[in-house]
Novice: 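Quick one: structure below, then a few questions.
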Amino acid sequence: MLKAVQDSLSSDDTRFFNPPNLGLSNEKLEGMENVDTTFFIETDLRPGKKMKLHFTNTANGATFLPRQVAKSIPLSSDKLPDILNRFSVKENSVEAKVIKSTIKMCETPGTAGEDGVCATSLESLVDFSVSKLGKNVQVLSTQVLKETKKQEYRITGVHRINANKGVVCHKQNYAYAVFYCHEIHDAGTYMVPLVSSDGTKVNAIAACHTDASVANAFKVLKVKPGTVPICHFLASDTLLWVPNSMYKERL
């Protein structure tokens, strides 16, 4: 199972701390890290639908530390000076601000009824997901062959992932790999093949929500919260865990 998760992540994830990418904000919302997010309503998920999107391969190249090493490093605001010193990061630097932001996000309680955790090793990520779904699971992610500029993509198919529960893990910007993992319930999830105007193909995972966590999207789409599901695509280094008994339904 550990190998399956490793294979779902970018094969280019070999860097430790990548300053050029650290300006990205941390969000507890799928797809905000490295997809130029376009929100849309669930009924827009249909073959032939076109939308402008920007996919990249990864949000940052930070890799996992061994479990015992990760457990020995605090992930706490009151230990921030020690953390910065350990990674030779200057207190007022951009890197320090990103580390502080990620720690704060990890310490912020999730939404009501949502059990979440910041996994600091591959083993802890797997343990959390298995604890919520059992061992008979599979991991899905958006597959991006190459980074392209923002351009028009056309949906070539829609496959509903029939799972009434799951776990989503979002990669955060940090000195080593940290994923915020949380449960999802009764969320609409889809596997969506896309092709761009220059021929680039992406096999994307879309997630749809009816809760207020995407309040800004409701304003943009001019719909009332709770009335229709609002969807967006998951980032390429966001992992979706679902029970292995799920099946895909072609729409």
Novice: Given the rule in the ring pair (Phe, Tyr, Trp, His ring centres under 6.0 Å) test, do Phe179 and Phe64 qualify, once you have shown the distances and angles that lead to the verdict?
Specialist: CA-CA 10 Å; Phe179 280 76; Phe64 277 118; 5.6 Å; yes
Novice: Hey, does the side chain of Gln172 reach the backbone of His170 with a donor-acceptor pair shorter than 3.5 angstrom?
Specialist: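 Answer holds: yes.
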Novice: Using the rule that Ile, Leu, Val, Met, Phe, Trp and Tyr join whenever any side-chain heavy atoms are under 4.5 Å apart, tell me whether Tyr176 and Val69 fall into a single cluster.
Specialist: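 Same hydrophobic cluster.
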Novice: Can you tell me if Lys171 uses its side chain to pair, donor with acceptor, with the backbone of Ala62 under 3.5 Å?
Specialist: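 Between the backbone of Ala62 and the side chain of Lys171 there is a qualifying donor-acceptor contact (under 3.5 Å).
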Novice: Measure the spacing between CZ of Arg154 and CE of Met51 and express it to the nearest 0.5 Å.
Specialist: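 So the gap between those two atoms works out to 12.5 Å.
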Novice: Just wondering, more than 12 heavy atoms not from Lys100 lying within 6.0 Å of its NZ?
Specialist: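 No, because the 6.0 Å sphere around NZ of Lys100 holds 12 heavy atoms or fewer from other groups.
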Novice: What distance do Leu140 atom CG and Ile205 atom CD1 have between them, rounded to the nearest 0.5 Å?
Specialist: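 If we round to the nearest 0.5 Å, Leu140:CG and Ile205:CD1 are 5.0 Å apart.
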Novice: Determine, stepwise, if the pair Tyr174 / Ile103 fulfils side chain to side chain contact (heavy atoms under 4.5 Å, CB included).
Specialist: CA-CA 9 Å; Tyr174 204 63; Ile103 292 174; 3.6 Å; yes
Novice: Do the non-hydrogen side-chain atoms of Ile161 and Leu240 ever get within less than 4.5 Å of each other?
Specialist: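 SC-SC contact between Ile161 and Leu240 confirmed.
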Novice: Does Glu42 form a side chain to side chain contact (heavy atoms under 4.5 Å, CB included) with Val228? I'd like the steps, not just the answer.
Specialist: CA-CA 8 Å; Glu42 195 170 28; Val228 295; over 6 Å; no
Novice: Are the side chain of Ser131 and the backbone of Phe128 linked by a donor-acceptor contact shorter than 3.5 Å?
Specialist: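 Checked: pair present.
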Novice: Does some side-chain heavy atom of Phe39 sit less than 4.5 Å from a side-chain heavy atom of Leu221?
Specialist: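 SC-SC contact between Leu221 and Phe39 confirmed.
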Novice: Any idea which heavy atoms bring Pro243 and Gln138 closest together, and the distance?
Specialist: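 Looking at all heavy atoms of both residues, the shortest contact is O-NE2, 4.4 Å.
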Novice: Output, in order, the C-alpha distance, side-chain angles, deciding distance and verdict of side chain to side chain contact (heavy atoms under 4.5 Å, CB included) for Leu65 and Ile73.
Specialist: CA-CA 10 Å; Leu65 296 179; Ile73 302 174; 3.6 Å; yes
Novice: Please find the pair of heavy atoms, one from Ser124 and one from Thr120, that lie closest to each other, and give the distance.
Specialist: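 Residues Ser124 and Thr120, closest heavy atoms: OG-N, 3.3 Å.
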Novice: Given 3.5 Å as the limit, does a donor-acceptor pair link the side chain of Ser236 with the main chain of Thr142, or not?
Specialist: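 Not at all, since once roles are kept as given, no pair shorter than 3.5 Å links the two residues.
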Novice: Not counting sequence neighbours, which residues clear ring pair (Phe, Tyr, Trp, His ring centres under 6.0 Å) with Phe40? List them please.
Specialist: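 Phe40: ring pair (Phe, Tyr, Trp, His ring centres under 6.0 Å) contacts with Phe233.
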Novice: Taking atom CZ of Phe55 and atom CG of Leu145, what is their separation to the nearest 0.5 Å?
Specialist: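 That separation rounds to 11.5 Å.
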Novice: Any side-chain heavy atom of Leu133 within less than 4.5 Å of one from Lys165?
Specialist: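 Yes, at least one pair of side-chain atoms sits under 4.5 Å.
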Novice: Please find the pair of heavy atoms, one from Ser72 and one from Arg86, that lie closest to each other, and give the distance.
Specialist: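 Looking at all heavy atoms of both residues, the closest pair is O-NH2, 3.9 Å.
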Novice: Given Ile155 and Val192, is the side chain to side chain contact (heavy atoms under 4.5 Å, CB included) satisfied, shown in steps?
Specialist: CA-CA 7 Å; Ile155 296 176; Val192 185; 3.7 Å; yes
Novice: Can you tell me if Ser101 uses its side chain to pair, donor with acceptor, with the backbone of Lys97 under 3.5 Å?
Specialist: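 Not confirmed, Ser101 side chain does not pair with Lys97 backbone.
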Novice: Is Val137 close to Val242 at the side-chain level, that is, under 4.5 Å between some pair of heavy atoms?
Specialist: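 Sidechains of Val137 and Val242: no contact.
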Novice: If you apply the rule salt bridge (Lys or Arg N to Asp or Glu O under 4.0 Å), what do you find for Asp127 with Lys132, and how did you get there?
Specialist: CA-CA 9 Å; Asp127 287 348; Lys132 300 303 177 183; over 6 Å; no
Novice: Quick check: do Trp241 and Cys169 have side-chain heavy atoms less than 4.5 Å from each other?
Specialist: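 Touching, per the 4.5 Å side-chain cut-off.
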Novice: Go through it in stages, so that I can follow the logic: the residues are Cys118 and Cys181, the test is disulfide (SG to SG under 2.5 Å), and I'd like the CA-CA distance, side-chain angles, deciding distance and then a yes or no.
Specialist: CA-CA 6 Å; Cys118 274; Cys181 298; over 6 Å; no
Novice: How long is the gap from CG on Leu84 to OG on Ser93, to the nearest 0.5 Å?
Specialist: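 So the CG of Leu84 and the OG of Ser93 are separated by 7.0 Å.
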Novice: Does a donor on one side chain sit under 3.5 Å from an acceptor on the other, for Ser197 and Gln151?
Specialist: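 Yes.
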Novice: Regarding Ser141 and Gln143, do their side chains bring together a donor and an acceptor under 3.5 Å, going by distance alone?
Specialist: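 Short answer, yes.
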Novice: Between NZ of Lys150 and NE2 of His54, what distance do you get to the nearest 0.5 Å?
Specialist: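 It is 9.5 Å, given to the nearest 0.5 Å.
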Novice: Mark yes or no for whether Ser121, through its side chain, and Ala70, through its backbone, hold a donor-acceptor pair below 3.5 Å.
Specialist: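 Here the side-chain-to-backbone pair does not exist.
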Novice: What are the two closest non-hydrogen atoms of Leu53 and Tyr153, and how far apart are they?
Specialist: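 What the structure gives for the nearest pair is O-CE1, 3.6 Å.
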Novice: Are the charged groups of Lys50 and Asp44 less than 4.0 angstrom apart, N to O?
Specialist: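 Between Asp44 and Lys50 there is no salt bridge, as every charged N stays at least 4.0 Å from the carboxylate O atoms.
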Novice: Just verifying a value: how many Å separate Thr189 OG1 and Ile184 CD1, rounded to the nearest 0.5 Å?
Specialist: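 Nearest 0.5 Å value for the OG1-CD1 distance: 6.0 Å.
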Novice: Taking atom types as modelled, is there a side-chain donor on Ser77 or Glu107 under 3.5 Å from an acceptor on the other?
Specialist: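 Ser77 vs Glu107: donor-acceptor pair found between side chains.
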Novice: Within the side chain of Thr102, is there an N or O that forms a donor-acceptor pair under 3.5 Å with the backbone of Val98?
Specialist: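 Yes, because the side chain of Thr102 sits within donor-acceptor range (under 3.5 Å) of the backbone of Val98.
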Novice: Between Leu45 and Cys231, is any pair of side-chain heavy atoms under 4.5 Å apart?
Specialist: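 Contact flag for Leu45/Cys231 side chains = yes.
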Novice: Okay, side chain of Ser129, backbone of Leu125: is any donor-acceptor separation there less than 3.5 Å?
Specialist: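 Such a contact is found between Ser129 side chain and Leu125 backbone.
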